[in-house]
Each structure stands twice: as C-alpha cells, then as structure tokens.
> 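Dumping the structure here so I can ask a few things about it.
Counting from 1, the numbers follow the sequence of the chain as shown. Read the numbers this way: they start at 1 and go in the same order the structure lists the ligands and their atoms.
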Amino acid sequence: MERYIRKTTPNVPNARGYYGEFGGRFVPETIMPALDELTAAYDEALQDPAFHAELAHLQATYVGRPTPLTYAKRLTELLGGARIYLKREDLAHTGAHKINNALGQALLAKRMGKRRVIAETGAGQHGVASATAAALLGLDCHVYMGSVDMARQKPNVFRMRLMGAEVLPVESGSKTLKDAINEAMRDWVTNVRTTFYLLGSALGPHPYPMMVRDFQSVIGMEARQQILAATGQLPDVCVACVGGGSNAIGLFHAFRDDESVELVGVEAGGYGINTDKHAARFANPDVSRVGILHGTRSFVMQDEDGQVRETHSISAGLDYPSVGPEHAYLRSLERAHYTFATDEETMRAFQTLSQYEGIIPALESAHAIAEVIKRAPTMPKDSVLLVNLSGRGDKDLDTVIGLLGSA
Ligand SMILES: *Cc1c(COP(=O)(O)O)cnc(C)c1O
C-alpha cells in the first residue's frame with residue numbers, strides 16, 4: 001500500500017491547501033462545494049485499504065509498475081562524471097508518467113459515483129492517459145484540447161478517440177493548454193454534480209496539487225529503493241523536467257527529507273529566457289512573478305498589467321505559463337533549485353540519449369537530459385545522478401523530423 005501513495009511532511013499543504021504563501025483555492029463560489037466534496041472523498045479513500053489495493057493491483061498488472069531504473073553506462077562514459085541513472089516512466093503504459101495520476105483520479109471518480117470525467121490536455125499525453133483510465137473503468141470521457149495543440153499532436157487525438165473519448169477543440173486565446181483548462185473549469189461549474197474533473201498536473205485549486213503529487217509519488221518511492229539497491233547510496237542529485245510539475249514532484253517527494261539529495265527542476269527555456277519565447281516561470285523576474293492562475297497561487301508569466309503571457313516551448317507538455325505551487329514553495333525554501341534548457345539544448349540532448357542509450361526520450365524529458373549533460377561532467381565519478389525520464393519520444397517524431405529534416 002505504502003508503495004503507491006506516499007504521505008509525509010505533515011502540514012504540507014496545510015488544511016486550506018497552502019504551501020507557505022502558495023497554493024490555495026481561487027475559484028468561483030460554485031466550485032467550492034465540489035472541491036470540499038472531492039477533498040473529503042479523497043481523504044476517505046486514503047483510509048480505505050480496498051482503494052489502495054485496487055490502485056496497487058492496476059499499477060502492477062495494467063500500468064506495468066514498478067518501472068525499471070536503467071544505468072546509462074555509455075552516457076556516463078561520454079560525460080565522464082557522475083554515474084547517471086534513468087527512472088523509466090517512458091515504459092509505463094501509454095508512454096509517460098501521466099497514467100499514474102489519471103488512474104488514481106479515475107478510481108476516485110468511480111468511487112464517488114461520477115460517471116463522467118472531463119480533462120484538459122496540452123501535449124495530448126494527459127488526454128490519452130485520461131481516456132485510457134476511463135476506458136479501463138467504463139467512464140465517459142470528454143477531453144478539452146487547444147486546436148493548436150491538436151494540430152501538433154494528431155496521433156494523440158486519434159488515440160483518445162479510438163479509446164472512446166470525445167475530444168473537444170478549444171479555439172479561444174492561444175488555443176493551447178491554458179485555454180483548454182479554462183474550458184474544462186467552465187464545464188465543471190456547469191456539470192459539477194455528475195462530473196469529475198480529472199486534472200493533469202500538480203496544479204489547480206486544493207486538493208489537486210496534493211492529490212496529483214500523491215498519485216505520482218510512486219515514481220520517487222520506487223526510484224529511491226531501486227537506486228539504493230543498485231548503488232548502495234542515495235543519489236547526489238535528482239533531476240526532472242517541470243511543466244505543471246507532476247513528474248518532478250512525484251520524484252522529489254520521496255527525497256524531500258533526505259537533505260543530502262539536491263533536487264533540480266528543469267523548465268522550458270525555449271529560444272532563451274531573454275526572448276519572449278520560453279516557459280521558464282522561475283528564471284526571469286521581468287516576465288514572471290507571483291500571481292493566480294487556474295485556481296492556485298504560484299509563479300505566473302505575466303506582463304506589467306498582470307495579463308498572462310503567451311509561452312513557447314519545443315515540447316507541448318512544458319508550454320504552460322504557471323507552475324505547481326509546491327515547486328514555488330520548495331524553491332522559496334531553497335530545498336529545490338530550478339534551471340532551464342533551451343529548445344536547442346533539448347534537441348541535442350534528444351539526439352544524444354537516442355544515440356548513446358537507444359532510448360528516444362519525450363522532448364519534455366529531453367530538457368532534463370540537457371541538464372544532465374551540463375551537470376554530470378562537473379560531478380565526481382563516484383557520485384550518482386538520478387534523472388526522471390518522464391516519457392518516450394514517439395509522439396514527438398513529427399516535430400523532430402520537421403527540425404532535423406527527414407531521417
Ligand atoms: C505532460 C508531460 C510532462 C510535463 O508535465 P509535468 O506535470 O510537469 O510532469 C513531462 N513529460 C512528459 C512526457 C509529459 O507527457
């Protein structure tokens with residue numbers, strides 16, 4: 001049981017869903033009762049061994065957990081520093097970590113008697129994970145997706161439809177993830193009695209950031225055991241890419257109390273953080289500061305008037321103007337550090353991992369690999385670097401072919 005949902009650090013978040021000054025619930029009054037209902041149902045599920053048992057059973061027999069830990073021998077030799085280990089979330093069913101959370105929330109929806117789930121998606125990965133979990137459990141699934149993202153991620157749109165989900169194009173704003181979230185929230189306000197909002201990252205109003213973290217904490221719990229078994233020591237550094245922040249917080253959570261372990265999140269540096277084409281929420285105070293977006297208080301990329309800025313990343317999954325409140329909190333405590341990788345560095349890392357390890361990473365995950373490429377050579381040879389490979393790159397081949405020319 002313990003293996004699949006980790007609960008540690010008492011009072012984080014506090015009862016009102018705050019991580020220090022971050023988090024909380026900034027939603028229309030009509031949603032408040034739904035959030036209370038959800039919080040109560042989640043608390044109750046956590047007390048019920050049958051809920052843990054069902055999730056554990058599906059994680060093992062359906063998702064394919066535990067995912068392996070791979071020693072990246074040739075990449076380690078190439079870089080000549082720290083020993084590099086990859087946590088292989090790319091090998092989870094549907095090809096990324098998102099299924100961990102989607103399955104947890106879909107089980108909760110079923111338990112609450114809600115037959116309809118709605119979701120929003122950027123890269124399409126969360127939509128696919130939600131459609132998958134809904135098909136498995138026999139729930140109706142409606143997925144909001146920006147039309148720009150739909151064009152970027154056609155195979156994922158097709159996958160969702162194949163599994164019986166309805167994909168609803170969003171034409172407002174920049175037609176990407178943040179607009180899809182707005183639409184999903186609007187739907188939830190209207191249909192709150194019958195509908196469960198299956199939220200895709202460690203974002204949104206309380207209890208979502210906590211619940212998503214808990215469902216993703218399996219990543220770090222497994223990795224911690226696996227790296228101890230493989231090396232006899234804790235990692236010196238854990239690295240993960242940060243979009244909304246769910247794969248990173250899922251990895252970091254298990255190491256949060258291990259003070260010797262440095263936690264490093266990697267944001268999307270796009271064309272560079274001094275251009276207006278990136279999504280590095282922590283990197284440049286001129287374009288990003290504390291604000292409220294989609295129900296939570298965190299860092300938000302905004303202009304002088306507080307209007308949300310358009311963001312850019314080579315990877316749809318990191319292309320979001322805010323970041324999970326727990327990351328803002330860990331950063332304020334200096335417990336975790338945040339850096340960024342540009343599109344160009346990411347493309348190089350994408351190719352390097354493919355060539356040296358025979359693993360084609362998701363472009364999101366390639367941001368974390370880019371940081372590994374910078375950092376590993378500066379670390380002693382007996383040190384250990386653990387990186388979360390959040391997903392596989394099949395979904396990104398069109399983008400990459402466009403940039404590199406046909407293979
Ligand atoms: C969605 C996605 C991400 C970014 O989301 P987080 O919530 O920050 O983890 C990263 N990697 C992959 C493969 C994704 O699909």
> Would a distance-only check, ignoring hydrogens and angles, find a side-chain to backbone donor-acceptor pair under 3.5 Å from Asp179 to Ser174?
yes
> Would you say the side-chain atoms of Arg83 and Gln233 include a donor-acceptor pair closer than 3.5 Å?
yes
> Cationic tip of Arg331 within the cone over Phe299's six-membered ring, i.e. under 6.0 Å and within 45° of the normal?
yes
> Going by atom types only, do Gln105 and Tyr197 share a side-chain donor-acceptor pair under 3.5 Å?
no
> Out of all atoms in ligand 1, which are within 4.0 Å of some heavy atom of Gly243? Include the element for each.
8 (O)
> Please determine if Ala248 has a nitrogen or oxygen closer than 3.5 Å to a nitrogen or oxygen of ligand 1.
no
> Is the ring centre of His327 less than 6.0 Å from the ring centre of Tyr338?
yes
> For atom 4 (C) of ligand 1, what's the nearest protein heavy-atom neighbour? Residue, atom name and distance, please.
Gly317 O, 3.4 Å
> Minimum heavy-atom separation for Phe51 to Leu108, with atom names?
CE1-N, 4.0 Å
> Check each atom of ligand 1 against the heavy atoms of Gly245 and keep those under 4.0 Å away; list them by number with element.
6 (P), 7 (O), 8 (O)
> Regarding ligand 1, does Asn247 bring an N or O atom to under 3.5 Å of one of the ligand's N or O atoms?
yes
> Could you tell me, atom by atom, which parts of ligand 1 come under 4.0 Å of a heavy atom of Ala362?
13 (C)
> So, regarding Lys395 and ligand 1 (criterion: nitrogen or oxygen to nitrogen or oxygen, under 3.5 Å), is there a contact or not?
no
> Identify the residue among Val239, Thr346, Leu86, Ile84 that makes a side-chain contact (heavy atoms from CB on, under 4.5 Å) with Ile369.
Leu86
> At what distance is the nearest protein heavy atom to atom 2 (C) of ligand 1, and which residue and atom is it?
Lys98 NZ, 2.3 Å
> Measure the distances from the heavy atoms of Ala123 to every atom of ligand 1 and state whether one is below 4.0 angstrom.
no
> What atoms of ligand 1 come closer than 4.0 angstrom to any heavy atom of Gly391?
13 (C)
> Would you say that more than 12 heavy atoms from the other residues, nucleotides or ligands in this model lie under 6.0 Å from the CD of Glu29, or not?
no
> Work out which heavy atom in Ala184 is nearest to a heavy atom in Glu120; give both atom names and the distance.
CB-CB, 4.1 Å
> Roughly how far, to the nearest 0.5 Å, is CD1 of Ile314 from CD of Glu364?
10.0 Å
> Would His97 count as a contact residue for ligand 1, given that I'm defining contact as a non-hydrogen atom of the residue lying under 4.0 Å from a ligand atom?
yes
> Report yes if the side chains of Phe282 and Val242 come closer than 4.5 Å at any heavy-atom pair, otherwise no.
no
> Quick test: of every protein heavy atom, which one is nearest to atom 11 (N) of ligand 1, and how far off is it to 0.1 Å?
Ser390 OG, 2.7 Å
> Out of all atoms in ligand 1, which are within 4.0 Å of some heavy atom of Cys241? Include the element for each.
10 (C)
> Of all the atoms in ligand 1, which lie at a distance below 4.0 Å from a heavy atom belonging to Ser201?
6 (P), 7 (O)
> Distance under 4.0 Å to a non-hydrogen atom of Gln125: what atoms of ligand 1 satisfy this?
15 (O)
> For atom 6 (P) of ligand 1, what's the nearest protein heavy atom and its distance?
Ser246 N, 3.3 Å
> Could you say whether the N/O atoms of Gly244 and ligand 1 ever approach to under 3.5 Å?
yes
